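In what follows, chains are A, B, ... by sequence order, proteins preceding strands, each numbered from 1. We use all heavy atoms of the structure for the numbers below, so side chains are in, but hydrogens, waters and symmetry mates are not. Since the structure is predicted, the reported quantities are computational estimates derived from the model, not experimental observations.
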2 protein chains.
Amino acid sequence: MTSLPLLEPATEKDCCPPSTGSLDAYEAQVRASVFKALADPNRLRLLSIVKSADGGEACVCDLTEPLDLGQPTVSHHLKILVDAGLLHREKRGTWAYYSLVPGSIERTSGLLETL
Amino acid sequence: MTSLPLLEPATEKDCCPPSTGSLDAYEAQVRASVFKALADPNRLRLLSIVKSADGGEACVCDLTEPLDLGQPTVSHHLKILVDAGLLHREKRGTWAYYSLVPGSIERTSGLLETL
DNA sequence: AGCATACATTGATGAATGTCAATGTTGCGG
DNA sequence: CCGCAACATTGACATTCATCAATGTATGCT
C-alpha cells in the first residue's frame, strides 16, 4: 500500500462534482480504503468508545480491556483508523490519546451519498 | 458466515438508542458487515454505475465492461451488495436487473453517525 | 428439440487481513 | 543509571478475500 490521501483534509476545494456520472478507478480506490478501515467490528467499537469517552479522547490502556484484545492488536487497529483520517493521535508523556478527527464521520457519509 | 440482518429493513422501529454509550460486539459485527461490502473499489463503482444508470437499473452485461472484470467476478460482487441490503435484484427474462435499494445509502450513513 | 445467450455457482490460487508472542522504543520515577 | 510503564513494531500463522477458468442453470429463439 502506498499511503493514499484517504480522507481529504477539511481545507478542500468545493467537493466532488461527478463529471463522468460514475466513479473512476482512482476515486473508487481512495474511497474504498476509508470503508476498509470501517470494515472491522473492533475498529467500529474503538471509534464508538473514543467518541463517547470523557473529554472525547482515550488512551490505549482504556481500550484494550473492553475489546478483549491484546495491546499490540489494539495499537494496530488504531493505526489503521489514524491512517484513514478518522482518528487523531496525540502523545502526552507516556500515554497516547486518541480522539475523533472533527468532521471525519460527516465527510465519510459524504463519500457514500455522492456515489 | 451465517447471513446476519445487515441493513435493517425500512420498516424498522425508531432507530438505535445507544443505551450503553458504545457499540456492543453484536451491533459492531452487524454494522461492520455492511462496511465490508463497501470496502472494495469495484463494488463502489458498481453502486455508482447502477445509481446513475438509465432507469436506475443495470444488468450484468452492462457492468462487466466498464470495470474490466470477468462476468463471474461481477456476479460475485453484486451478490455481496445484495446480501448487504444495498442492491435489489430483479430477474426479467434472461437478464438480471440490479437497482439501488431505496434509502439504503442513507441508512448506511446512519450507521456511521450513530456510532 | 436444439442451440445460443445471460447469469450463477464451484473450485482453485495468490494476496490481503486480524491476531498474538516477542521485542523495540520512549518517557517517568527513584 | 536502572527499572518500570505505556505504547509501537516485527514476525509468524490462520483466515478471509478477490479473481479467474470451468461448469451449471435457466430462458428465449428457430
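- As judged by a 4.0 angstrom heavy-atom cut-off over every strand, B/His76 is placed among the base-contacting residues.
- Between A/Glu113 and B/Ser109, the side chains place a donor N or O and an acceptor N or O closer than 3.5 Å (distance only, hydrogens not considered).
- Distances shown here put every side-chain N or O of A/Thr94 at or beyond 4.0 Å from the OP1 or OP2 atom of C/dC28.
- Per the geometry, CD belonging to B/Glu65 stands 14 Å off P belonging to C/dC7, to the nearest Å.
- In this entry the distance linking CD of A/Glu90 with P of D/dA8 reads 13 Å, nearest Å.
- In this structure, A/Arg89 fails the cation-pi test against A/Tyr97, since its NZ or CZ atom is not both closer than 6.0 Å to the six-membered ring centre and inside 45 degrees of the ring normal.
- If you check every strand for non-hydrogen atoms under 4.0 Å, B/Tyr98 touches sugar and phosphate atoms only.
- Using a 4.5 Å cut-off between side-chain heavy atoms of Ile, Leu, Val, Met, Phe, Trp and Tyr, with links allowed through other members, A/Leu100 and A/Trp95 fall into different hydrophobic clusters.
- If you take CG of A/Leu87 and P of D/dA8, they are 12 Å apart, rounded to a whole angstrom.
- Spacing between atom NZ of A/Lys79 and atom P of C/dT19 amounts to 17 Å, rounded to whole angstrom units.
- Taking side-chain N and O atoms only, B/His77 has no distance below 4.0 Å to OP1 or OP2 of D/dC17.
- With C/dT19, D/dA18, D/dT19 as the choices, the nucleotide that has an atom nearest any side-chain atom of B/Leu69 turns out to be D/dT19.
- Closest to the B/Cys59 side chain, of the nucleotides C/dC7, D/dC17, D/dA21, is C/dC7.
- Comparing D/dA8, D/dT19, C/dT19 by their nearest atom to the side chain of A/Asn42 picks out C/dT19.
- Picking from D/dC7, C/dT19, D/dA18 the nucleotide with the shortest atom distance to the side chain of A/Trp95 gives D/dC7.
- Atoms CD1 (B/Ile80) and P (C/dT9) sit 12 Å apart, rounded to a whole Å.
- Straight-line distance from the CD atom of B/Gln29 to the C1' atom of C/dG18: 14 Å, rounded to whole Å.
- B/Val101 and A/Leu115 fall into different hydrophobic clusters, defined by Ile, Leu, Val, Met, Phe, Trp and Tyr side-chain heavy atoms under 4.5 Å apart, directly or through other members.
- Residue A/Leu44 contributes atom CG, which lies 14 Å from atom C1' of C/dG18 at whole-angstrom precision.
- Residue B/Arg43 places at least one side-chain N or O closer than 4.0 Å to OP1 or OP2 of D/dA18.
- With no hydrogens or angles considered, no side-chain donor-acceptor pair links A/Arg31 and B/Ser48 at under 3.5 Å.
- Under 4.0 Å is where a charged nitrogen must lie from a carboxylate oxygen, and between A/Glu57 and A/Arg92 at least one such pair does.
- In this structure, B/Lys91 reaches neither bases nor backbone, as no heavy-atom distance under 4.0 Å exists between it and the strands shown.
- Take the nearest nucleotide of DNA chain C for A/Gly93 and for A/Gln71: the residue whose nucleotide is more 5' is A/Gln71.
- When the nucleotides D/dT19, C/dA8, C/dT19 are ranked by their closest atom to the side chain of B/Arg89, C/dA8 comes out on top.
- Remark: B/Thr73 is not in phosphate contact with D/dA18, judged by side-chain N or O atoms under 4.0 Å from OP1 or OP2.
- Rounded to a whole Å, the CZ atom of B/Phe35 is 18 Å from the P atom of C/dT17.
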